Amino acid sequence: MLKEAVYHKICSDYAYALSREELLIKIRTKKNDAEKINLIYLDKYKYPTNKETFTIVMKKMASDNLFDYYEAVIKHNFISVNYFFEFIDGKETLYYANYLFSAEQPEDGQEFFNFPVMDEKDIFLVPEWAGEAVIYQIFPERFHNGDTSNDPAEVKPWDSEVDRQIMLGGDLQGIIDKLDYIEDLGINAIYMTPVFKAGSNHKYDTYDYFQIDPQFGSLETLKELVDKAHKRNIRVILDAVFNHSGVEFPPFRDVVDNGENSEYRDWFHIRKFPVKIKEEPDYGTFAYGGHMPKLMTGNEAVKKYLIDVATYWIKEADIDGWRLDVADEAGHHFWREFRKAVKAVKPDALIAGEVWYESSAWLQGDQFDSVMNYVFTDAVKNFVALEKINAKEFGERIESIRGLYKLPAYNALWNLIGSHDTARFLTLSQGDVRKLRLAAFIQFTFTGIPMIYYGDEIGMTGGSDPECRKGMIWDTGKQNTELKEYYKKLISIRKDNKELTHGNFKTVLADEARNIYGFRRSFKQKCMEGYINNMDADQWVLIEVSKSAADLLTGKVYKPVRGRIKVHIPAKAGVIIKV
């Protein structure tokens with residue numbers, strides 16, 4: 001066994017409480033290196049006298065290109081738990097305890113791993129509704145113009161080609177007017193990019209955090225939207241731009257006007273006075289953009305101000321959560337206090353961060369509930385749209401996500417295939433609608449929260465920003481209505497089957513030669529299997545079953561022959577079989 005590849009750490013992603021009685025233990029090994037791993041645990045305070053131990057066979061729950069990840073859940077009522085690992089293969093038995101390997105089973109308390117008292121306040125709790133959420137991302141300026149009286153100057157026709165400055169007139173009333181459409185699609189959560197007063201069409205350069213941008217409406221318009229959405233069981237999530245502001249944000253204007261004498265000088269990273277607004281400024285910014293000065297979230301006054309913003313909108317408009325822009329560039333200390341304040345006001349508010357890479361540092365239960373899962377995005381893009389990786393490599397990338405995160409966060413990751421920051425998936429796929437359908441299939445059958453970027457469901461196209469931010473197509477004659485019906489079907493299947501919202505996930509097939517990936521979703525006594533055919537020809541797979549099984553997408557029923565069914569998978573398509 002390659003000892004150097006073995007990894008475990010107490011009080012981390014590898015050992016944490018799921019509840020007061022449940023402790024999840026994880027360990028990593030070199031891929032295909034362990035034949036069997038037992039988790040042996042004991043009562044720390046009783047063991048010295050009773051010598052009683054308990055054994056669980058650990059399950060391999062994920063594999064990436066280098067490692068296998070094993071898990072076990074201990075149910076106990078001990079004050080404190082000691083444990084160690086037993087590796088068994090045909091040649092030897094090896095023990096791992098307190099970061100040391102040995103050929104002999106450890107006996108002394110100092111030789112064990114230890115997990116102390118499980119305090120309820122340390123348990124990672126994600127809002128229950130998140131598991132069944134289907135999120136629809138809306139770019140308000142481009143969704144629908146419901147109130148022409150608040151249109152900005154020089155508003156352009158809705159179907160205009162877009163650039164970084166153009167205004168089309170979309171607003172909150174437009175979203176209210178289209179709630180029937182959103183509800184009919186099957187959506188139960190809306191995420192809107194920023195709606196506060198700002199100087200751009202995207203509103204990521206906030207001028208006033210306590211005012212809805214007049215071109216979008218007012219506080220009353222937002223309240224009406226949230227109220228009408230809630231009556232349809234649709235939650236509303238806003239975008240928090242707390243890493244930076246716009247140049248007309250009053251504290252920043254004060255620094256520009258008053259220089260070193262400004263009471264707000266420490267709200268920003270000012271390198272040189274006087275402050276001049278320019279593209280290569282002498283102050284900290286987001287992405288070197290002079291129009292977006294960086295806020296110093298370590299400053300107590302800044303911290304209080306922004307947290308007051310977060311709680312104000314929950315109290316005032318009853319929003320259901322925050323998506324946090326550029327979340328990785330604000331301090332962890334800030335997000336810890338942010339979470340406490342938000343959860344104190346609304347315990348089931350959902351907090352999701354924008355982090356484009358491995359995000360476990362923010363997903364320990366003290367900061368975010370979730371992140372926008374761009375690791376998933378890249379895997380799907382490279383497998384389906386660009387065809388740069390095969391089924392085996394795709395499976396390894398997908399399973400690596402399971403190895404990264406605590407279970408509560410893993411089940412709530414925002415699985416997107418595109419956003420306002422990326423080219424649309426159909427464009428990446430060179431207009432091949434089959435590929436978009438297959439990507440959507442993956443979104444709705446995998447673990448996590450599927451997130452649809454407005455218009456993907458009707459076949460909208462567009463390259464990177466600003467082309468991905470075109471006006472929503474409302475002319476049904478220009479919509480791909482067949483694609484929309486496919487999305488509705490996927491959403492319906494997801495909602496009707498707990499296996500897809502609460503079930504375990506396991507790879508059952510990763511066929512490089514045929515480029516087929518298969519997985520199983522199981523919950524309690526129910527099970528289904530999904531298969532993805534990423535080839536340009538129809539293929540078939542054999543599935544072992546004990547009774548007839550149905551294809552949930554087509555309704556076709558397969559009857560077993562000698563305990564197996566032969567399932568047809570169309571080219572560039574997926575099937576989901578209830579077994």
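Please read all numbers here as calculations on a predicted model, not as lab measurements.
- Figure legend: Lys488 and Tyr486 shown without cation-pi pairing, the cationic atom not lying both under 6.0 angstrom from the six-membered ring centre and within 45 degrees of its axis.
- Between Tyr16 and Ser12, the shortest heavy-atom contact is CD2-O, 3.3 Å.
- A distance of 13.0 Å separates CG of Asp511 from CD1 of Ile532, quoted to the nearest 0.5 Å.
- Between Val6 and Tyr96 the shortest side-chain heavy-atom distance falls below 4.5 Å.
- In the displayed structure, Ile79 atom CD1 is contacted under 6.0 Å by at most 12 heavy atoms of other residues, nucleotides or ligands.
- In this structure, Tyr453 and Gly418 approach most closely via the heavy-atom pair CB-O, 3.6 Å.
- Heavy atoms only, all atoms of each residue included: Thr422 and Tyr374 are closest at CG2-CE2, 4.0 Å.
- One finds no salt bridge joining Lys46 and Glu52 here, because no Lys/Arg side-chain nitrogen approaches an Asp/Glu carboxylate oxygen to under 4.0 Å.
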Quiz item: Can Val375 and Tyr357 be said to form a side-chain contact (heavy atoms from CB on, under 4.5 Å), step by step?
Solution: CA-CA 6 Å; Val375 178; Tyr357 46 86; 5.6 Å; no

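- Taking the six-membered ring where tryptophan is involved, the planes of Phe441 and Phe519 are tilted, since the angle between them lies from 30° to 60°.
- One finds the OG1 atom of Thr53 at 9.0 Å from the CD atom of Glu107 (value rounded to the nearest 0.5 Å).
- Within the 3.5 Å criterion, the main-chain N or O of Leu500 finds a donor-acceptor partner in the side chain of Arg494.
- Within the model, atoms OH of Tyr191 and CD1 of Ile237 stand 9.5 Å from one another, a figure rounded to the nearest 0.5 Å.
- Aromatic ring pairs are classed by plane angle as parallel below 30°, tilted from 30° to 60° and perpendicular above 60°; the pair Phe85 and His8 is perpendicular.
- Figure legend: Lys26 and Tyr14 shown as a cation-pi pair, the cationic atom lying under 6.0 angstrom from the six-membered ring centre and within 45 degrees of its axis.
- A salt bridge is absent between Lys495 and Glu132; no separation between the charged side-chain nitrogens and carboxylate oxygens falls under 4.0 Å.
- Salt bridge Lys346/Asp318: present, at least one basic N to carboxylate O contact under 4.0 Å.
- For Trp335 (side chain) and Ala327 (main-chain N/O), a donor-acceptor pair under 3.5 Å exists by modelled atom type.
- Here the side chains of Ile516 and Val541 are in contact, with some heavy-atom distance below 4.5 Å.
- Under the side chain to side chain contact (heavy atoms under 4.5 Å, CB included) rule, Ile234 has a single partner from Val226, Asp320, Ile190, which is Ile190.
- When each of Lys60, Arg402, Lys59 is checked for a side-chain hydrogen bond (donor to acceptor under 3.5 Å, both in side chains) with Glu71, only Arg402 meets the rule.
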Exercise. Start with the C-alpha gap between Met58 and Ile27, add the side-chain angles, then the distance that decides, and say whether side-chain contact (heavy atoms from CB on, under 4.5 Å) holds.
Key: CA-CA 9 Å; Met58 302 191 76; Ile27 193 166; 4.1 Å; yes

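- With Arg437 contributing its side chain and Tyr487 its backbone, the two residues share no donor-acceptor pair below 3.5 Å.
- Annotation: side chain of Tyr70 is not in contact with side chain of Leu39 (no heavy-atom distance under 4.5 Å).
- The two residues Trp322 and Val309 have their closest heavy-atom pair at CZ2-O, 4.1 Å.
- Distance alone, capped at 3.5 Å, is enough to place a donor-acceptor pair between the Asn533 side chain and the Pro570 backbone.
- Aromatic rings of Tyr47 and Phe112 (six-membered ring for Trp) have centroids within the 6.0 Å cut-off, being under it.
- Annotation: the span from Asn534 atom CG to Arg514 atom CZ amounts to 13.5 Å, rounded to 0.5 Å.
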Self-check item: Test log, rule side-chain contact (heavy atoms from CB on, under 4.5 Å), inputs His333 and Lys303
Solution: CA-CA 10 Å; His333 61 91; Lys303 185 186 301 181; 3.7 Å; yes

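- Using a 4.0 Å cut-off between charged nitrogen and carboxylate oxygen, Glu337 and Lys304 do not count as a salt-bridge pair.
- Judged purely by atom type and a 3.5 angstrom limit, Tyr95 has no side-chain atom pairing as donor or acceptor with the backbone of Leu100.
- The existence of a salt bridge linking Glu399 and Lys506 is excluded, since no basic side-chain nitrogen approaches an acidic carboxylate oxygen closer than 4.0 Å.
- Inter-residue side-chain proximity for Trp540 and Ile569 is flagged as unmet; no heavy-atom pair is nearer than 4.5 Å.
- For the pair Lys343 (side chain) and Ala349 (backbone), a donor-acceptor distance under 3.5 Å is present.
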Quiz item: Given the rule in the side-chain hydrogen bond (donor to acceptor under 3.5 Å, both in side chains) test, do Glu499 and Asn504 qualify, once you have shown the distances and angles that lead to the verdict?
Solution: CA-CA 7 Å; Glu499 301 98 304; Asn504 293 324; over 6 Å; no

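- For the pair Arg28 and Phe67, the distance from NZ or CZ to the six-membered ring centre is under 6.0 Å and the angle to the ring normal is within 45 degrees.
- Remark: Glu529 engages Arg520 in a salt bridge, criterion side-chain N to carboxylate O under 4.0 Å.
- By the 6.0 Å contact criterion, CD on Glu544 is open, its count of non-hydrogen atoms from other residues, nucleotides or ligands being 12 or less.
- The closest donor-acceptor contact from the side chain of Thr377 to the backbone of Asn373 lies under 3.5 Å.
- Atom OG1 in Thr93 sits 9.5 Å away from atom CD in Glu35 (nearest 0.5 Å).
- The distance from atom NZ of Lys489 to atom CZ of Phe444, rounded to the nearest 0.5 Å, is 14.0 Å.
- Between Phe124 and Ala409, the shortest heavy-atom distance links the atoms CE1-CB, 3.7 Å.
- Between Tyr83 and Phe113, the two ring planes are parallel [angle under 30°; tilted spans 30° to 60°].
- A donor-acceptor pair under 3.5 Å is formed between the side chain of Asp68 and the backbone N or O of Asn32.
- In the displayed structure, Lys51 atom NZ is contacted under 6.0 Å by more than 12 heavy atoms of other residues, nucleotides or ligands.
- Around the CD atom of Gln110, the shell of radius 6.0 Å holds no more than 12 heavy atoms that belong to other residues, nucleotides or ligands.
- Considering only heavy atoms from C-beta on, Asn38 stays 4.5 Å or farther from Ile56 through its side chain.
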Practice problem: Mind running side-chain contact (heavy atoms from CB on, under 4.5 Å) on Leu413 and Val371 for me, showing each step along the way? | Solution: CA-CA 6 Å; Leu413 294 171; Val371 292; 3.7 Å; yes

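- The closest donor-acceptor contact from the side chain of Glu111 to the backbone of Asn98 lies at 3.5 Å or more, if one exists at all.
- A salt bridge does not link Asp33 with Lys30: every distance from a Lys NZ or Arg NE/NH1/NH2 to an Asp or Glu carboxylate oxygen is 4.0 Å or more.
- Met372 has its side chain within reach of Leu416: a pair of non-hydrogen atoms, C-beta onward, lies under 4.5 Å apart.
- For the pair Tyr410/Ile401, a side-chain contact is recorded, criterion being any heavy-atom separation below 4.5 Å from C-beta on.
- Among the candidates Arg521, Lys526, Lys578, His502, the single residue satisfying the side-chain hydrogen bond (donor to acceptor under 3.5 Å, both in side chains) test with Asn497 is Lys578.
- The number of heavy-atom neighbours closer than 6.0 Å to CZ of Arg232, taken from other residues, nucleotides and ligands shown, is above 12.
- Annotation: side chain of Asn382 is in contact with side chain of Asp378 (closest heavy-atom distance under 4.5 Å).
- A distance-only check finds no donor-acceptor pair linking the side chain of Asp369 to the backbone of Pro127 [under 3.5 Å].
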